[in-house]
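Here the structure comes first, spelled out in structure tokens, and everything after it is commentary.
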Amino acid sequence: MQALSVSLVQGATRWHDAPANRDYYGTLVRQATGSDLIVLPETFLSGFSNDTRASAGTMDGEGVAWLRALAIEMRTVICGSLAIRENDVVYNRLLWVQPDGSFAQYDKRHLFRMAGEHTRYGSGNERLIVELKGWRILPQVCYDLRFPVWLRNRRLASANGGMDYDLALFVANWPAPRRQPWRTLLRARAIENLSYVIGVNRVGVDGNDIPYAGDSAVIDPVGEPLVELGPQEQVVTIMLDPAPLLAHRERFPAWMDADAFSLDVD
């Protein structure tokens, strides 16, 4: 594992205006020159909307093409989620776009029923683990943060050992009235999984008059914040050092006492 440079892009997403969001987030992303990884919020081209007719694009549409071109231009990995339509189903899909324009994808598993997301979007059923500079990274979307069984880090059975992942990251549209659970759960997921955790949220007010307080953060494996952002538009870059993570796992191997279980995913 090498040191990993990560940029958090905390923006005020424009409501149902993909061209404006491409211009807006393109400007913010270009402030993060030299980063290994740039993280955008959830549904950053539309806002968190249940109007799928207005918000959803396609995998061969302008939004995905723009994101791939931006990753090529910046020569870095960029990730964030988009509303994507496939046939008759819309997914809240996180794209992990690499510097050559290739990508991996993760469909949000846990759909926020309190806003009716589960009635308008399809659910994913597979976790995605990606690798970057020797780090194993688990990308997730917003409401997934509340489900520790889905996020449980496990010891690998391979000969070289190691954990399932070293960094969990969450892209979000997490409203200000629930900011305390957001801040608390980011810390809990880091502590219990012996990993770094990154959460990138949006700011501003959306088209449903829901406010967002930002609170994007980088949390170390013992639950201490390395970065905490306020309620403003911000682009912040941090260098993650693998040494404290590996040392903590060595001196505090709580994974050895974890309960074995299997997870059935419908």
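- Glu42 contributes no side-chain N or O that, together with a main-chain N or O of Cys142, makes up a donor-acceptor pair within less than 3.5 Å.
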- [ ] Would you sort out whether Glu228 and Arg187 count as a salt bridge (charged side-chain N to carboxylate O under 4.0 Å, His left out), showing the intermediate values?
- [x] CA-CA 12 Å; Glu228 288 184 293; Arg187 288 155 174 75; 2.5 Å; yes
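- Listed for the Thr76 side chain is a donor-acceptor partner under 3.5 Å among the backbone atoms of Asp36.
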Open item on the list: What verdict does the side chain to side chain contact (heavy atoms under 4.5 Å, CB included) test give for Tyr121 and Asn50, after you've listed the backbone C-alpha separation in whole Å, the side-chain angles of each residue and the deciding distance to 0.1 Å?
Closed with: CA-CA 8 Å; Tyr121 287 79; Asn50 276 327; 3.6 Å; yes
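- Distance alone, capped at 3.5 Å, places no donor-acceptor pair between the Asp107 side chain and the Tyr91 backbone.
- Residues Arg120 and Glu117 are not paired through a salt bridge, judged by the lack of any N-O separation under 4.0 Å between the basic side chain and the carboxylate.
- Ring pair Phe252/His248 is parallel by interplanar angle, where below 30° counts as parallel and above 60° as perpendicular.
- Following chains of ILVMFWY side-chain contacts shorter than 4.5 Å, one cannot reach Val222 starting from Val218, and the two form parts of different hydrophobic clusters.
- Using a 4.5 Å cut-off between side-chain heavy atoms of Ile, Leu, Val, Met, Phe, Trp and Tyr, with links allowed through other members, Ile219 and Val39 fall into the same hydrophobic cluster.
- Taking hydrophobic clusters as Ile, Leu, Val, Met, Phe, Trp and Tyr residues chained together by side-chain heavy-atom distances below 4.5 Å, Met239 does not share a cluster with Leu245.
- For Glu73, the CD atom is densely surrounded, since the number of other residues' heavy atoms within 6.0 Å is greater than 12.
- Following chains of ILVMFWY side-chain contacts shorter than 4.5 Å, one can reach Trp174 starting from Leu229, so the two form part of one hydrophobic cluster.
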Task: Candidate pair Arg152 and Trp255, rule side chain to side chain contact (heavy atoms under 4.5 Å, CB included), full reasoning - done: CA-CA 10 Å; Arg152 178 61 58 84; Trp255 58 267; over 6 Å; no
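- Judged by a 6.0 Å distance limit and a 45° cone about the ring axis, Arg14 is positioned over the six-membered ring of Tyr24.
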- [ ] Evaluate the salt bridge (charged side-chain N to carboxylate O under 4.0 Å, His left out) criterion for residues Arg136 and Asp164: first the C-alpha distance (whole Å), next the side-chain angles of each, then the deciding distance (0.1 Å), finally the verdict.
- [x] CA-CA 7 Å; Arg136 292 175 58 82; Asp164 195 13; 3.6 Å; yes
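- Note that CG of Asp144 is 9.0 Å distant from CZ of Arg109, once rounded to the nearest 0.5 Å.
- Between Tyr143 and Phe112, the ring-plane angle classifies as perpendicular under the 30° and 60° cut-offs.
- Counting all heavy atoms, side chain and backbone alike, His16 lies closest to Ser49 at NE2-OG, 2.7 Å.
- In terms of heavy-atom proximity, Leu95 sits nearest to Gln105 at CD2-CB, 3.8 Å.
- Counting only N and O atoms by type, the side chains of Asn193 and Tyr165 include a donor and acceptor under 3.5 Å apart.
- Each of Leu67, Val9, Leu28 was compared with Phe44 under the side chain to side chain contact (heavy atoms under 4.5 Å, CB included) criterion, and only Leu67 meets it.
- The minimum heavy-atom distance between Pro139 and Tyr106, with the atom names listed, is O-CD2, 3.7 Å.
- Using a 4.5 Å cut-off between side-chain heavy atoms of Ile, Leu, Val, Met, Phe, Trp and Tyr, with links allowed through other members, Val197 and Met1 fall into the same hydrophobic cluster.
- Closest heavy-atom contact between Ala71 and Val97: CB-CG1, 3.6 Å.
- Exactly one residue among Thr237, Val6, Val236, Ile198 makes a side chain to side chain contact (heavy atoms under 4.5 Å, CB included) with Val227. That residue is Val236.
- For the pairing with Trp150, the side chain to side chain contact (heavy atoms under 4.5 Å, CB included) check across Leu138, Leu263, Leu145 returns one residue only, Leu263.
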Open item on the list: Using side-chain hydrogen bond (donor to acceptor under 3.5 Å, both in side chains), reason through Tyr212 and Asn201 one step at a time and then give a plain yes or no.
Closed with: CA-CA 8 Å; Tyr212 298 86; Asn201 194 21; over 6 Å; no
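- Summarising the geometry of Leu40 relative to Val171, their closest heavy-atom pair is O-CG1, 3.1 Å, with the distance given to 0.1 Å.
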- [ ] Determine, stepwise, if the pair Ser55 / Ser46 fulfils side-chain hydrogen bond (donor to acceptor under 3.5 Å, both in side chains).
- [x] CA-CA 5 Å; Ser55 62; Ser46 61; 4.7 Å; no
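- The number of heavy-atom neighbours closer than 6.0 Å to CD of Gln232, taken from other residues, nucleotides and ligands shown, is above 12.
- Across all their heavy atoms, Thr13 and Thr43 have their closest contact at CG2-O, 4.0 Å.
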